[in-house]
Amino acid sequence: MKHLVAELVANALATLPELAEAAGDLAIDSTMERTRDPSHGDFASNIAMRLAKPARRSPRDIAASIVEALADSPSVDKVEIAGPGFINFYLSPAAFHAEIESTLAQEDAYGRQPTKEGPKILLEFVSANPTGPLHVGHGRGAAFGDTVGNLLEAAGYPVHREYYVNDAGRQMDILGSSVWLRWLGDQGLEVDFPKGGYRGDYIRDIARDIDMSGLSVPDAAAVNDGLPANGDDNKDEYVDALTARAKSLHGEHGFDRVRQQALESIRDEIKEDLAEFGVRFDTWYSEKSLTTNNLIDAAIDVLKERGVLYEKDGATWFPSTDYGDDKDRVVIRDNGVKTYFASDIAYHYDKRERGYDLLIDVLGADHHGYVARVRAGLEAMGYAGEDLEVEFIQFVTLYRGGQQMQMSTRSGEFDTLRQLRAEVGNDAARFYYVMRSNDQHLDFDLDIATSQSNDNPVYYIQYAHARVASVFRQLGEKSLAWDQANGLANLGLLVEPQEKALMTMLSRYPEIVELAANNRAPQTLVHYLRDLANDFHTYYNAHAFIVDDEALRDARLFLISATRIVVANGLGILGVSAPDKM
RNA sequence: GCGCCUGUAGCUCAGUCGGAUAGAGCACCAGAUUCCUAAUCUGGGGGUCGCAGGUUCGAAUCCUGCCGGGCGCGCCA
């Protein structure tokens, strides 16, 4: 609808050479906005003010020229110049009728744009280390990433969703050792559990279920003799020594079996968790595969060929300060081991090499320090740093009874995504996670999320959907039928203020989807749906839909059908269900 | 010290590329149901948009400085 009005202005401008020149490549769409105050019409353009300086004419004078050049349109009733030079457009009822007609015609597809050629987007999110279950913080990244993916797809962008599995490096050794030690414990061996190990109960569960056939149980002395102290100041040393011990007792291959089973067990739990949460991925990209496919070496070779790497203190460095980073970064350590940074730039290089134009990473806010160096890596390898866009997710704090809940693993209070979903349900969890801007800290109030009352915005929106369904059930019980064509023909009967407000709100939906997608801002859609539900509930309370007058009844049912579709489509993007009954 | 995020009603937060009189929910107060689900609706009070400058037709929004809160600054992953 916005494009429709913008096009009128664009066409008018085309007939005014000097103004068109002043406008240059200004997007007319960007001058057009919904009015906040109905007395200003439906849309307002500030183009006259924007052109005042380049055209060296007064805004109101420019506005007058444009209005004069506007072609007549059945969609526009009236155009006015107001204030400092706003051009206000009053749309005709026919324009709104056409919009809801198209809502019913397109149903699920309403608000979705046809798939564009590009840019091809690779959306990476969650990517939690497979060393433990997803916690409530990861849940926010999952809900946000999935919703942004849905929004981008609805806006027509080809999106590929990827989870980067950190299945390589020392943390996998520590995971393996932790499981191994719990297994030894189950076999009756006493070993001092490392302070730097993974202590959660899930490690014990994995140890209990693990297939260790063919591996012999060592005796306690063979495990414990000659280990360093298990103190706070050398916990790394102690864990590493245990890993080495496991490898020497069971062989590389034997330890790898433990490590691999632990990894797969946790990774499968994560996959299951996300699937149940309605979060889907197209690929699970293994960090280890970077090594097996020689992609890290390949990336380092590219940097070497470009002559950007240098040697210092026995290590190989990448001069990321040349690209705006705080300090240079090590790529290969003095012991020959490649750093995580090397994997990271290889991974992002590979994303671009796979043909994705725009890389969106959804990261926890504590990772913001990595962006500069990864961008630097991309630039050094010949891609633009702006190809990488990062959306940071701020922390989540749970509240119950007005009290902040402790969320450390050790405290034993609940902190996993699974527990949260069990308590508040998927719908409320997904809704609350994206209700606030991602760069705002989130206070997640469990009391409100679980309350079945007017406090709860999830139910408020779902209730609008259920009410429409209920109206149609009532219609059936009264042995009445809805004549859709008759409704369409009689939309002109919808003249109540609540009906006009609802139609105006409905017509905004496609613009909201596009705006939320472009800004990676799910909360924009959340707030819109809340406002839409409000307009619907107001209408519901003010007027009966199932009235004796058939023409009016069919028209009203047409309008609330459109409402149901928009609510369902919007909730669908949020990953929240749209129930017919509550 | 440097970097990223943040500061808007009592509380939790929206606020589009700068736009017209700064919005919503909760909380508080007063009302609405012979009628399609009251998980609803209507009305009301409540603001130095952290502070100070600057940019301009116009600033919560952009720039600079200061103050407060969160996070990060490893040859860990």
Side-chain angles (χ1 to χ4, degrees), chain A residues 26-27 29-31 33-37 39-40 44 46 49-50 52-53 58-59 82-86 88 129 131 166 168-172 174 236 287 312-317 325-327 329-335 337 339-341 343-344 364-372 390 392 394-395 399 402 435-443 445 448 451-460 462-464 466-475 477-478 511-512 515-516 518-519 521 523-524 526-527 530-531 533-534 536-547 560 581-582:
Chain A
L26 177 70
D29 257 29
S30 75
T31 73
E33 52 188 25
R34 291 275 176 170
T35 57
R36 197 161 26 201
D37 182 344
S39 72
H40 296 145
N46 62 11
M49 278 98 86
R50 301 269 284 269
K53 194 169 263 182
S58 84
F86 289 106
N88 292 340
N129 288 342
T131 53
N166 293 107
R170 186 166 159 269
Q171 62 179 358
M172 283 297 107
I174 297 175
D236 288 353
E287 181 190 355
K312 193 182 90 181
D313 303 332
T316 304
W317 293 72
D325 196 8
D326 292 348
K327 53 187 80 168
R329 308 289 170 179
V330 171
V331 178
I332 308 174
R333 289 193 268 162
D334 57 5
N335 63 7
V337 175
T339 61
Y340 182 78
F341 172 58
S343 306
D344 237 13
D366 52 337
H367 286 69
H368 69 253
Y370 304 99
V371 178
V390 182
F392 291 110
Q394 295 291 339
F395 292 156
Y399 282 83
M435 192 166 65
R436 305 296 181 214
S437 161
N438 58 292
D439 49 26
Q440 192 78 240
H441 287 247
L442 177 65
D443 292 332
D445 190 321
I448 291 177
S451 75
Q452 298 199 355
S453 73
N454 55 355
D455 300 359
N456 198 323
V458 195
Y459 296 135
Y460 184 86
Q462 290 179 319
Y463 187 43
R467 269 185 151 174
V468 176
S470 172
V471 169
F472 278 91
R473 279 196 300 273
Q474 282 289 325
L475 192 70
E477 282 168 26
K478 292 180 179 171
E511 293 154 33
I512 292 291
L515 179 68
N518 288 339
N519 292 345
Q523 80 277 6
T524 300
V526 169
H527 287 278
R530 209 257 153 219
D531 290 343
N534 185 17
F536 172 77
H537 288 310
T538 298
Y539 181 33
Y540 183 99
N541 275 275
H543 301 283
F545 307 144
I546 304 178
V547 291
I560 67 170
K581 226 174 205 173
M582 289 175 72

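Note that the structure is a prediction, hence the values are computed from the model and not measured. Proteins get letters first, then strands, A, B, ... in listed order; numbering begins at 1 in each. Because only heavy atoms are used, hydrogens play no part in the values below, and waters and symmetry mates are left out as well, while side chains stay in.
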Have a look at [X] and say if it touches a base, only the backbone sugar-phosphate, or nothing, with a 4.0 Å heavy-atom cut-off.
| X | value |
| --- | --- |
| A:Asn88 | base |
| A:Ala521 | nothing |
| A:Ser470 | base |
| A:Glu511 | nothing |
| A:Ser437 | sugar-phosphate |
| A:His527 | sugar-phosphate |
| A:Arg467 | sugar-phosphate |
| A:Ala44 | base |
| A:Asp334 | base |
| A:Glu33 | sugar-phosphate |
| A:Phe395 | sugar-phosphate |
| A:Asn46 | base |
| A:Asp236 | nothing |
| A:Arg34 | nothing |

For the [atom1] atoms, the ones on [N] and on [M], what distance do you get once it is rounded to whole angstrom?
| N | M | atom1 | result |
| --- | --- | --- | --- |
| B:rG10 | B:rC51 | P | 14 Å |
| B:rG19 | B:rG74 | C1' | 48 Å |
| B:rG18 | B:rC5 | C1' | 22 Å |
| B:rG45 | B:rC2 | C1' | 47 Å |
| B:rA14 | B:rA60 | C1' | 12 Å |
| B:rU21 | B:rA39 | C1' | 34 Å |
| B:rA9 | B:rC63 | C1' | 28 Å |
| B:rG53 | B:rA27 | P | 39 Å |

Selected nucleotide, minimal atom distance to [X] side chain, candidates [options]:
| X | options | answer |
| --- | --- | --- |
| A:Lys327 | B:rC36, B:rC73, B:rU40 | B:rC73 |
| A:Ala544 | B:rC36, B:rG19, B:rU12 | B:rC36 |
| A:Ile546 | B:rC57, B:rC75, B:rC36 | B:rC36 |
| A:Lys53 | B:rC57, B:rC75, B:rC5 | B:rC57 |
| A:Asp443 | B:rU12, B:rC36, B:rC57 | B:rU12 |
| A:Phe545 | B:rC36, B:rU42, B:rA77 | B:rC36 |
| A:Thr339 | B:rU40, B:rG19, B:rA77 | B:rA77 |
| A:His537 | B:rU40, B:rG19, B:rC36 | B:rU40 |
| A:Gln440 | B:rU40, B:rU12, B:rG7 | B:rG7 |
| A:Asn129 | B:rA77, B:rC36, B:rC75 | B:rA77 |

Open item on the list: Distance alone, cut at 3.5 Å: any donor-acceptor contact between the side chains of A:Gln171 and A:Asn166?
Closed with: no
- [ ] Report yes if the distance between the aromatic ring centroids of A:Tyr540 and A:Phe545 is under 6.0 Å, otherwise no.
- [x]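 Between A:Tyr540 and A:Phe545, the centre distance is under 6.0 Å.
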Calculate, to the nearest 0.5 Å, the distance between atoms [atom1] and [atom2] belonging to [X] and [Y] respectively.
| X | Y | atom1 | atom2 | result |
| --- | --- | --- | --- | --- |
| A:Gln474 | A:Ile546 | CD | CD1 | 6.0 Å |
| A:Arg34 | A:Ile512 | CZ | CD1 | 8.5 Å |
| A:His441 | A:Arg436 | NE2 | CZ | 14.0 Å |
| A:Phe536 | A:Asn541 | CZ | CG | 9.5 Å |

Decide yes or no, distance alone: a donor-acceptor N/O pair under 3.5 angstrom between the base of [N] and the side-chain of [X].
| X | N | value |
| --- | --- | --- |
| A:Asp326 | B:rG3 | no |
| A:Tyr460 | B:rC26 | no |
| A:Tyr370 | B:rA77 | yes |

TODO: Using the side chain to side chain donor-acceptor pair (under 3.5 Å) rule, take A:Thr35 and A:Asp37 through it: C-alpha gap first, then chi angles, then the decisive distance, then the call.
DONE: CA-CA 5 Å; A:Thr35 57; A:Asp37 182 344; over 6 Å; no
Task: Heavy-atom pair with the smallest gap, counting every atom of A:Gly85 and A:Met49 - done: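 Minimum heavy-atom separation between A:Gly85 and A:Met49: C-SD, 3.5 Å.
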Task: 5' precedence on RNA chain B between A:Ala365 and A:Arg473 (nearest-nucleotide basis) - done: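 The residue closer to the strand's 5' end, by nearest nucleotide, is A:Arg473.
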